[in-house]
Novice: 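To start, I am sharing the structure in question, which I have written as structure tokens.
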Amino acid sequence: MRLDGRVALITGGGSGIGAATARAFTREGARVVIADIDEAAGKAVADEIAASGATIDFRHADASDPTALEELVAFAVDTHGGLDVLHNNHVSFESGRIGDLTLDGFRRSLDVGLTSYWYAIKLALVPMLAAGRGSIVNTASVSGLAGDFGLGAYNVLKAGVVNLSRVTGIEYARKGVRCNAVCPGPIATPPIDRLHDAAPRIWDDIRDAIPMGRYGRAEEIANVVLFLASDESSFITGSHIVADGGLWAHSGMPPIGGLGPDF
Ligand SMILES: NC(=O)c1ccc[n+]([C@@H]2O[C@H](COP(=O)([O-])OP(=O)(O)OC[C@H]3O[C@@H](n4cnc5c(N)ncnc54)[C@H](O)[C@@H]3O)[C@@H](O)[C@H]2O)c1
């Protein structure tokens, strides 16, 4: 098993990509702690996984609260004797054009989606450096590599996550701790399901912009996180992997001469 005996902490583990990653990690032998601000969702995921015989704990926590992060890392170390994998994954942010964002909303977006990733890394580095091994995987986004209309705060925080992963990767490369990011494209998780219900036309447009012509599945991102968390990616650090059905590879130019994705 690819994570046999490893201890992993996943933030935002109560839904979508985090929950799929918790399933993948436990399937591969890890003991997992998931944290989520949504108590019912996190508990349901943990109960479902525990029913398969895996070792998983749910902690009800706001990962943007430094004290909560300190307690989470301490819980993992005290309960399981160490911390081998950190998967920073939670997010919330303000939407709107750059000129319409609020000062509080912008600050809060960066606090939740970027500063807390850094602080969790800072805390996780202590047991990882003591053990001389560790893998940190941050959920960024293709939205951290380019801009989206109306998602400015998200674009900025995810770009920060990409570069946070780079600098962490290089600074600890000789200490046995790796750090990488995964950059998903549009994935069919609850936020995208809500978009489908609220604005089906936009949901269709996004799907059609993806060269593969479909949304990704949370499991398809969890597989990338699993790879980056495991020793199979032992020579990869400070890097990011795009998993987006080809979206990021497209320049954005409309089809020329009638040639489109169905050609
Ligand atoms: N779904 C996509 O299309 C997509 C694309 C690119 C990147 N991502 C990224 O993937 C990650 C997971 O997104 P998802 O689509 O699985 O969303 P999701 O809403 O299904 O899951 C996110 C989870 O994070 C939890 N959460 C939010 N704020 C929290 C906090 N402060 N502390 C603890 N938990 C908190 C939520 O309660 C939720 O359970 C995010 O970082 C998101 O930006 C998603």
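We count ligands from 1, going down the list as the structure has it; atoms in each ligand are counted the same way. These figures come from a predicted structure and were not determined experimentally.
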Novice: When Ile, Leu, Val, Met, Phe, Trp and Tyr are grouped by side-chain heavy atoms lying under 4.5 Å apart, directly or through other members, which residues fall in the same group as F235?
Specialist: none
Novice: Under 3.5 Å, is there a donor-acceptor pair between the R108 and S64 side chains?
Specialist: yes
Novice: When clusters are formed from ILVMFWY side-chain contacts under 4.5 Å, directly or step by step, what else is grouped with V85?
Specialist: L3, I10, I17, F25, V32, I34, V45, I49, I56, F58, V137, V182, I187, I221, V224, V225, L226, F227, L228, I236, I241
Novice: Quick one: do V161 and V242 end up in the same hydrophobic cluster if we chain Ile, Leu, Val, Met, Phe, Trp and Tyr together by side-chain heavy atoms under 4.5 Å apart?
Specialist: no
Novice: With sequence neighbours excluded, give me every salt bridge (Lys or Arg N to Asp or Glu O under 4.0 Å) pair touching residues 3-15.
Specialist: R6-D231
Novice: Name the residues with a heavy atom less than 4.0 Å from ligand 1?
Specialist: G12, G14, S15, G16, I17, D36, I37, D38, A61, D62, A63, S64, N89, H90, V91, Y117, T139, A140, S141, Y154, K158, P184, G185, P186, I187, T189, P190, P191, I192
Novice: Treat each ILVMFWY residue as a node, draw an edge where side-chain heavy atoms are under 4.5 Å apart, and state whether V142 and Y117 are in one component.
Specialist: no
